[in-house]
Amino acid sequence: VWAALIQSAGATQGAGYVLNIWKLMLSEGITPPIATYRGLLNVLLAERRTDDAQAKFEELLEAVKRDPSPDTDASIESMYNMMINGFLVRNRRDDAYSLLERMKREGPTPTVTTYNTFMAHYQKYQDFKALSTVLKTISSEGLKADAFTFSTLLCALLQVLNRDEA
């Protein structure tokens, strides 16, 4: 219920309003589940409040350390990917790579989805050298490329080639 409220309020009222809802929820003694954090981070990142999102993300990671659940890794990985994308959108590549390195050190292990986030960013900005480096990392880490990986590569190829040649 709280996650849906935060998402819908974020779409209509903005991040400031959502943060007030968050405070109310906490004052009622409610421990937000990962899905509620996801909604909050979505709202904050959509409004480019990356530092606020990062603070809430760190809060989430601390909460998960205190009380992990069996499905935590998959959920937390998607949250890491969300934050990585948020950093990349704001052109904060160093912060994005710091989160990637943190995943490698502390878990959850980055998946092809994590690397696809970087690839999509590099393809968008036509940084083909960085895209190639990420693709090599996917291979060296023993991950299998997926449809998104290949779609990103195809888009990059079409950016380089004359469309008549493709």
Side-chain angles (χ1 to χ4, degrees), residues 1-127 130-131 134 137-138 143 146-149 151-152 155:
V1 172
W2 288 99
L5 177 62
I6 284 174
Q7 279 290 116
S8 62
T12 59
Q13 303 294 319
Y17 188 79
V18 166
L19 287 169
N20 286 332
I21 292 172
W22 188 265
K23 289 175 190 171
L24 173 66
M25 181 183 67
L26 295 178
S27 74
E28 294 293 322
I30 296 169
T31 302
I34 292 174
T36 307
Y37 273 100
R38 181 177 292 112
L40 178 62
L41 293 182
N42 270 328
V43 170
L44 293 171
L45 291 170
E47 290 193 13
R48 300 192 181 277
R49 292 178 64 168
T50 313
D51 291 332
D52 291 336
Q54 184 177 16
K56 291 301 179 189
F57 178 68
E58 293 299 330
E59 185 181 291
L60 167 64
L61 293 179
E62 287 302 315
V64 167
K65 283 180 186 175
R66 288 190 304 272
D67 187 23
S69 65
D71 64 339
T72 297
D73 271 4
S75 297
I76 293 298
E77 187 227 343
S78 73
M79 301 295 280
Y80 267 99
N81 294 340
M82 181 187 302
M83 287 301 304
I84 287 169
N85 185 61
F87 284 135
L88 291 172
V89 164
R90 300 293 294 152
N91 213 18
R92 291 172 55 177
R93 291 180 181 183
D94 289 344
D95 290 326
Y97 273 103
S98 290
L99 279 184
L100 177 64
E101 291 306 314
R102 185 174 179 181
M103 289 176 78
K104 290 177 181 180
R105 279 191 322 273
E106 301 172 15
T109 303
T111 65
V112 71
T113 303
T114 306
Y115 292 107
N116 283 343
T117 303
F118 284 96
M119 286 184 63
H121 173 76
Y122 293 134
Q123 181 266 318
K124 179 179 179 181
Y125 290 98
Q126 298 184 10
D127 186 344
L131 190 146
V134 174
T137 302
I138 289 171
L143 298 171
D146 62 10
F148 189 89
T149 311
S151 174
T152 303
C155 287

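Computed from a predicted structure; not experimentally measured.
- Here the side chain of Ser151 pairs no donor or acceptor atom with the backbone of Phe148 at under 3.5 angstrom.
- A pairwise comparison of heavy atoms in Thr152 and Met119 identifies CG2-O, 3.7 Å as the closest pair.
- When ring centroids are compared, Tyr80 and Phe57 come within the 6.0 Å threshold.
- A pairwise comparison of heavy atoms in Val43 and Gly10 identifies CG2-CA, 3.7 Å as the closest pair.
- Remark: Asp67 CG to Glu62 CD distance equals 13.0 Å, nearest 0.5 Å.
- In this structure, Gln7 and Arg38 have side chains that are not in contact, with every pair of non-hydrogen atoms separated by 4.5 Å or more.
- Atom NZ of Lys56 is separated from atom CG of Leu61 by 13.0 Å, given to the nearest 0.5 angstrom.
- Considering only heavy atoms from C-beta on, Leu99 stays 4.5 Å or farther from Glu101 through its side chain.
- Donor-acceptor pairing under 3.5 Å is lacking for the side chains of Asn81 and Ser78.
- The structure places CD1 of Ile84 at 14.0 Å from CZ of Arg93, a figure rounded to the nearest 0.5 Å.
- Of the inter-residue distances, the one linking Leu26 atom CG with Glu59 atom CD reads 6.5 Å to the nearest 0.5 angstrom.
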Between Leu100 and Phe118, is the side-chain contact (heavy atoms from CB on, under 4.5 Å) condition met? List the steps. CA-CA 10 Å; Leu100 177 64; Phe118 284 96; 4.1 Å; yes
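- Counting only residues at least two apart or in different chains, ring-ring contact (aromatic ring centres under 6.0 Å, His included) contacts with residues 8-36 comprise Trp22-Tyr37.
- Contact of the Phe87 side chain with the Tyr97 side chain is not registered, since no non-hydrogen atoms from C-beta on lie closer than 4.5 Å.
- Separation of atoms CE (Met83) and CE (Met103) is listed at 12.5 Å; rounding is to 0.5 Å.
- For the atom pair OG1 (Thr50) and CG (Asp95), the distance works out to 9.0 Å, reported to the nearest 0.5 Å.
- Residues Val64 and Ile76 are in side-chain contact: their nearest non-hydrogen atoms beyond the backbone lie under 4.5 Å apart.
- Looking at every heavy atom in both residues, Arg49 comes nearest to Gly16 through NH1-N, 3.7 Å.
- Side-chain contact between Tyr125 and Asn91 is absent, with no heavy-atom pair separated by less than 4.5 Å.
- The shortest non-hydrogen separation linking Ala3 to Ala35 is CB-O, 3.8 Å.
- Side-chain atoms of Val18 and Gln13, non-hydrogen and from C-beta on, never get closer than 4.5 Å to each other.
- No side-chain heavy atom of Leu131 sits less than 4.5 Å from a side-chain heavy atom of Val134.
- Remark: Lys104 pairs with Glu141 by the side-chain hydrogen bond (donor to acceptor under 3.5 Å, both in side chains) rule, at least two apart or across chains.
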Between Thr113 and Glu77, does the side-chain contact (heavy atoms from CB on, under 4.5 Å) criterion hold? Intermediate values first, please. CA-CA 9 Å; Thr113 303; Glu77 187 227 343; 4.2 Å; yes
Could you give me the CA-CA distance, side-chain angles and deciding distance for Asp146 and Thr149, then say whether side chain to side chain donor-acceptor pair (under 3.5 Å) is met? CA-CA 5 Å; Asp146 62 10; Thr149 311; 2.9 Å; yes
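- Side-chain contact between Ile6 and Thr36: present, with at least one pair of heavy atoms (C-beta onward) separated by less than 4.5 Å.
- Between Leu44 and Ala15, the shortest heavy-atom contact is CD2-CB, 3.9 Å.
- A salt bridge is defined here as a Lys NZ or Arg NE, NH1 or NH2 lying under 4.0 Å from an Asp or Glu carboxylate O, and Asp51 with Arg92 meets this definition.
- When all heavy atoms of Leu24 and Ser27 are compared, the closest pair comes out as O-OG, 2.7 Å.
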